[in-house]
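Data first, discussion second: the structure below is written as structure tokens.
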Amino acid sequence: MKGSISVIQGFMLLQVIVLGGLYFVVSQADPMNLSHWASKMVFSAVTMPEDMLDQSYVLGRMQGRLMLPLIITTLLFIFIQMRFFKSAIVCISLAILLDISNGTFLIAIVYVALLLVVTHNKQSKAYFNRNHHQVTWE
């Protein structure tokens, strides 16, 4: 019954795990300790400036750029799970605007497709119209 919603929930959960993992790795990186596992990963993946103060600034910017998508994706996952249709639409719209402002149009296209599935799919409409707050005693 809720096949498309299950795919969307799985996609959101995967995105939360990936963004959360990236945020954790970047938060553990330390320019003072380049032998730390997180520092090795981040410094090998990103071209860092030579100055340690600039490195700290770059790490902070990386954390900041990961935080908002992580929050929006987590809220979207929760709103879909709790069947809050309008809140899910607002989160998807915010994600689209965030991706367009960052210049990541490919990810914005994925969110547009997600928005179309949530708003126009029959299974999705049935999923959001069901009231899951009712408790049945049998």
Using residues 49-61 as the side-chain source, report each donor-acceptor pair under 3.5 Å to any protein atom, sequence neighbours left out, with the distance given to one decimal.
{"residue": "Gln55", "atom": "NE2", "partner": "Pro49", "partner atom": "O", "Å": "2.8"}
{"residue": "Ser56", "atom": "OG", "partner": "Met52", "partner atom": "O", "Å": "3.2"}

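- Rounded to the nearest 0.5 angstrom, Ile96 CD1 and Ile72 CD1 are separated by 11.0 Å.
- Note: Tyr23 OH to Gln28 CD = 10.5 Å, rounded to the nearest 0.5 Å.
- Remark: the backbone N or O of Ser6 is not paired with any side-chain donor or acceptor of Tyr127 at under 3.5 angstrom.
- Side-chain atoms of Ser39 do not come within 3.5 Å of backbone N or O of Leu34 as any donor-acceptor pair.
- There is a path of hydrophobic side-chain contacts, each under 4.5 Å, that joins Tyr111 to Leu115.
- The distance from the CG atom of Leu75 to the CG atom of Leu70 is 9.5 Å, given to the nearest 0.5 Å.
- Within a 6.0 Å sphere centred on CE of Met41, other residues, nucleotides and ligands contribute 12 heavy atoms or fewer.
- Between Phe105 and Ile100 the shortest side-chain heavy-atom distance falls below 4.5 Å.
- With rounding to the nearest 0.5 Å, the separation of CD in Gln81 from CD1 in Ile5 is 10.0 Å.
- Within the 4.5 Å cutoff, the side chain of Met62 has no heavy atoms near those of the Leu22 side chain.
- Within the model, atoms CD1 of Ile17 and OG1 of Thr73 stand 12.0 Å from one another, a figure rounded to the nearest 0.5 Å.
- Taken from OG in Ser124 to CZ in Arg83, the straight-line distance is 11.0 Å, to the nearest 0.5 Å.
- Side-chain contact between Val25 and Trp37 is present, with at least one heavy-atom pair separated by less than 4.5 Å.
- With hydrophobic clusters built from ILVMFWY side chains whose heavy atoms lie under 4.5 angstrom apart, Leu19 does not share a cluster with Leu97.
- Criterion: ILVMFWY side-chain heavy atoms under 4.5 Å apart, direct or through other members. Under it, Leu66 and Ile71 are part of a common hydrophobic cluster.
- Leu106 is not listed as a side-chain neighbour of Val110, based on a closest heavy-atom distance of 4.5 Å or more.
- Cluster annotation: Met32 and Phe43 are assigned to distinct hydrophobic clusters (Ile/Leu/Val/Met/Phe/Trp/Tyr, side-chain heavy-atom contacts under 4.5 Å, transitive).
- By the 30° and 60° cut-offs, the orientation of the rings of Phe85 relative to Phe128 is perpendicular.
- Under the 4.5 Å side-chain heavy-atom criterion for ILVMFWY residues, no single connected hydrophobic cluster contains both Met12 and Leu68.
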